[in-house]
Amino acid sequence: MYTAHPDRYADPSFYRRAGRSGLKLPALSLGLWHNFGPDRPAETQRAILRRAFDLGVTHFDLANNYGPPPGSAESALGEALRADFGPYRDELVISTKAGYLMWPGPYGEWGSRKYLLNSLDQSLTRMGIDHVDIFYSHRPDPDTPLEETMGALHTAVQQGKALYVGVSNYSAEQTREAARILAGLGTPLLIHQPRYSMLDRRPETGGLLDALDELEVGSIAYSPLEQGLLTSRYLDGIPEDSRAASDSPFLNSDAVTGALVGKLRALDEIASSRGQSLAQLALAWVLRQGRVTSALVGASSPQQLEDSVAATRNLHFDPDELASIDKIVQG
């Protein structure tokens with residue numbers, strides 16, 4: 001029987017308030033994405049979850065289509081909740097999303113009320129819980145009125161099936177409008193989940209971070225390691241067992257150019273001067289200003305998760321370091 005580490009909350013500074021809400025999230029959250037499916041040993045998955053919680057990582061982030069196959073990550077978490085985390089459910093923040101293709105037909109994706117609420121019911125069944133802490137609209141729907149999509153999120157809260165709501169992959173203007181609609185319904189927008197990293201600055205350049213500051217909405221950055229590019233794996237090109245060498249739709253070999261490898265090596269030198277790995281530098285950079293509530297990481301082993309959490313021990317950057325990083329990335 002799993003017993004959580006008694007010192008898991010030893011560092012109060014590890015937790016950051018999400019916007020103007022009462023909810024705090026750990027600086028690093030664990031994403032149950034492609035590392036939580038039937039092709040991975042169940043015991044390894046449970047070991048990662050246990051180690052995460054022992055380290056104070058209280059937030060487990062999912063979506064209805066995570067796996068593969070779709071839904072299997074939620075099922076894996078459900079098994080872990082029953083086996084290990086039953087006594088700790090109220091210490092966990094569990095989030096899920098709906099927006100991408102989940103089942104065939106016209107009601108199996110996007111942002112209709114029917115799809116979102118039916119999907120949430122399926123997610124709760126797979127996880128064996130009666131509510132999630134955060135329910136997201138995973139992407140904006142160009143054909144469904146935003147009032148309907150946000151109304152469905154509000155209904156999930158009214159039904160007691162979600163405590164908070166969020167959006168992901170919305171532009172700055174779409175986020176402002178979503179927040180306005182939700183405020184009118186009485187369900188505040190808690191958080192936005194954008195893609196953000198040293199190599200992907202769109203939340204900065206597109207004004208999203210400014211909008212979130214203005215709205216007092218939290219943020220959790222996904223892909224802060226750019227699908228593994230911002231790790232040591234690609235410093236010498238493309239390893240045979242890497243994501244870029246596979247048929248992954250999220251990263252292909254064409255992306256790993258000689259110019260990019262040169263940038264990664266230069267960034268790795270900065271990381272070494274700080275006593276960090278490249279991955280730790282990338283995570284620290286995302287979290288550096290406090291504008292990002294949490295960085296979302298995956299893990300294929302407990303050790304990998306430990307290395308990621310260690311990044312939070314040094315989040316300070318001097319101006320010269322930041323200028324050097326910008327010069328490398330933008331050069």
Are Val286 and Val329 linked, directly or through intermediate hydrophobic residues, by side-chain heavy-atom contacts shorter than 4.5 Å (ILVMFWY only)?
yes
Can a donor-acceptor pair be found, under 3.5 Å and without considering hydrogens, that links the side chain of Arg89 to the backbone of Leu92?
yes
Shortest non-hydrogen contact from Ala152 toward Leu116
CB-CD1, 3.8 Å
Can you find a pair of side-chain heavy atoms, one from Leu55 and one from Arg8, that are under 4.5 Å apart?
no
Are any of the side-chain heavy atoms of Leu153 and Phe135 separated by less than 4.5 Å?
yes
Checking side-chain polar atoms at under 3.5 Å, does Gln227 have a donor or acceptor matched by the opposite partner on Ser223?
yes
Side-chain heavy-atom pair Leu185, Gln158 within 4.5 angstrom cut-off
no
Which pair of non-hydrogen atoms, one from Gly56 and one from Pro26, has the smallest distance, and what is that distance?
O-CB, 3.9 Å
For residues 182-221, which residue pairs pass the ring pair (Phe, Tyr, Trp, His ring centres under 6.0 Å) check, not counting sequence neighbours?
Tyr196-Trp285
Straight-line distance of Thr231 OG1 to Leu229 CG, nearest 0.5 Å
7.5 Å
Students often mix this up, so state it plainly: with edges at 30° and 60°, are the rings of His138 and Tyr100 parallel, tilted or perpendicular?
perpendicular
In terms of ring plane angle, is the pair Tyr9 and Phe53 parallel, tilted or perpendicular, where the classes change at 30° and 60°?
perpendicular
If you group Ile, Leu, Val, Met, Phe, Trp and Tyr by side-chain heavy-atom gaps below 4.5 Å, do Leu225 and Ile328 land in one group?
yes
Side chains of Ser119 and Asn64: is there a donor and an acceptor less than 3.5 Å apart?
yes
Does the side chain of Ser219 pick up a donor-acceptor pair with the side chain of Arg291 at under 3.5 Å?
no
Can you list everything that forms a side chain to side chain donor-acceptor pair (under 3.5 Å) with Asp84? Sequence neighbours excluded, please.
Arg46, Arg50
Flag the pair Leu230 / Ser197 as yes when at least one side-chain heavy-atom distance between them is below 4.5 Å, and no otherwise.
yes
Surrounding CZ of Arg82 (heavy atoms of other residues, nucleotides or ligands, distance under 6.0 Å), is the total greater than 12?
yes
Nearest 0.5 angstrom please: Leu267 CG to Ser324 OG, how far?
10.0 Å
Does any part of the side chain of Phe60, heavy atoms only, come nearer than 4.5 Å to the side chain of Leu32, both counted from C-beta?
yes
For Ser137, enumerate each residue passing the side chain to side chain donor-acceptor pair (under 3.5 Å) test, keeping only those at least two apart in sequence or located in another chain.
Tyr170
Any idea which heavy atoms bring Leu315 and Ala311 closest together, and the distance?
CD2-O, 3.6 Å
Any heavy-atom pair between the side chains of Ile181 and Thr149 that's under 4.5 Å?
no
Quick one: name the residues clustered hydrophobically with Ile191, using the 4.5 Å side-chain heavy-atom rule over I, L, V, M, F, W, Y, and just say none if it's on its own.
Leu23, Leu25, Val93, Ile134, Tyr136, Leu163, Tyr164, Leu190, Ile220, Tyr222, Leu296
Pairing donors with acceptors under 3.5 angstrom, does anything connect the side chains of Gln174 and Ser171?
yes
Does some side-chain heavy atom of Thr96 sit less than 4.5 Å from a side-chain heavy atom of Val132?
yes
Hey, quick one: are Tyr15 and Leu283 part of the same hydrophobic cluster, counting side-chain heavy atoms closer than 4.5 Å, chains of contacts allowed?
yes
Salt bridge (Lys or Arg N to Asp or Glu O under 4.0 Å) with Lys161: which residues, sequence neighbours excluded?
Asp121
Should Arg274 and Asp318 count as an ion pair when the cut-off is N to O under 4.0 Å?
no
Donor-acceptor contact present, side-chain Gln45 to main-chain Leu77, <3.5 Å
no
Apply the test side chain to side chain contact (heavy atoms under 4.5 Å, CB included) to residues Ser75 and Phe36: give CA-CA distance (whole Å), side-chain angles for both, the deciding distance (0.1 Å), then the verdict.
CA-CA 9 Å; Ser75 296; Phe36 280 80; over 6 Å; no
Side-chain donor-acceptor contact under 3.5 Å, Thr144 with Glu148:
no
Check against side chain to side chain contact (heavy atoms under 4.5 Å, CB included), Ser277 and Leu281:
CA-CA 6 Å; Ser277 67; Leu281 172 74; over 6 Å; no
With clusters defined by side-chain heavy atoms of hydrophobic residues (ILVMFWY) lying less than 4.5 Å apart, directly or transitively, does Met102 cluster with Trp110?
no
Between Asn65 and Leu101 the two heavy atoms that sit nearest each other are CB-O, 3.9 Å
CA sep, side-chain torsions, deciding dist, call: Ser300, Arg40, side chain to side chain contact (heavy atoms under 4.5 Å, CB included):
CA-CA 9 Å; Ser300 58; Arg40 304 293 177 95; 4.3 Å; yes
Approximate separation, where rounding is to 0.5 Å, of Arg265 CZ and Asp236 CG:
5.5 Å
Residues pairing under salt bridge (Lys or Arg N to Asp or Glu O under 4.0 Å) where one sits in residues 16-37, two or more places apart or in two chains, turn out to be Arg20-Glu216
Heavy-atom closest contact (Gly111 atom, Asp141 atom, distance)
N-OD2, 3.0 Å
Among all residues two or more places apart in sequence or in another chain, which pass the side chain to side chain donor-acceptor pair (under 3.5 Å) test with Ser95?
His59, Asp61
Could I get the full list of salt bridge (Lys or Arg N to Asp or Glu O under 4.0 Å) partners for Glu269, not counting sequence neighbours?
none
Rounded distance (nearest 0.5 Å) linking atom CG of Leu287 with atom OG of Ser294:
7.0 Å
Taken in chain and number order and not counting sequence neighbours, the residues that satisfy side chain to side chain donor-acceptor pair (under 3.5 Å) with Ser13 are Asp11
Between the side chains of Glu91 and Thr58, is a donor N or O closer than 3.5 angstrom to an acceptor N or O?
no
Phe14: ring pair (Phe, Tyr, Trp, His ring centres under 6.0 Å) partners, not counting sequence neighbours:
none
Quick one: does any side-chain atom of Lys263 pair with a main-chain N or O of Leu199 as donor and acceptor, under 3.5 Å?
no
Roughly how far, to the nearest 0.5 Å, is CG of Asp200 from CD of Glu226?
5.5 Å
What pairs with Tyr107 under ring pair (Phe, Tyr, Trp, His ring centres under 6.0 Å), at least two apart in sequence or on another chain?
none
Could you state the interatomic distance from CD (Glu306) to CG (Asp54), rounded to the nearest 0.5 Å?
9.5 Å
Under the side chain to side chain contact (heavy atoms under 4.5 Å, CB included) test, residues paired with Asp326 that sit two or more places apart:
Arg201, Gln330
Under 3.5 Å donor-acceptor, Glu177 side chain and Leu146 backbone
no
Considering only heavy atoms from C-beta outward, does the side chain of Glu109 approach that of Arg139 to under 4.5 Å?
yes
Test Arg288 against His316 for side chain to side chain contact (heavy atoms under 4.5 Å, CB included), laying out the working first.
CA-CA 6 Å; Arg288 71 197 183 283; His316 173 74; over 6 Å; no
Is it the case that the side chains of Gln122 and Asn118 hold a donor-acceptor pair, with the cut-off being a distance below 3.5 Å and no angle test?
no
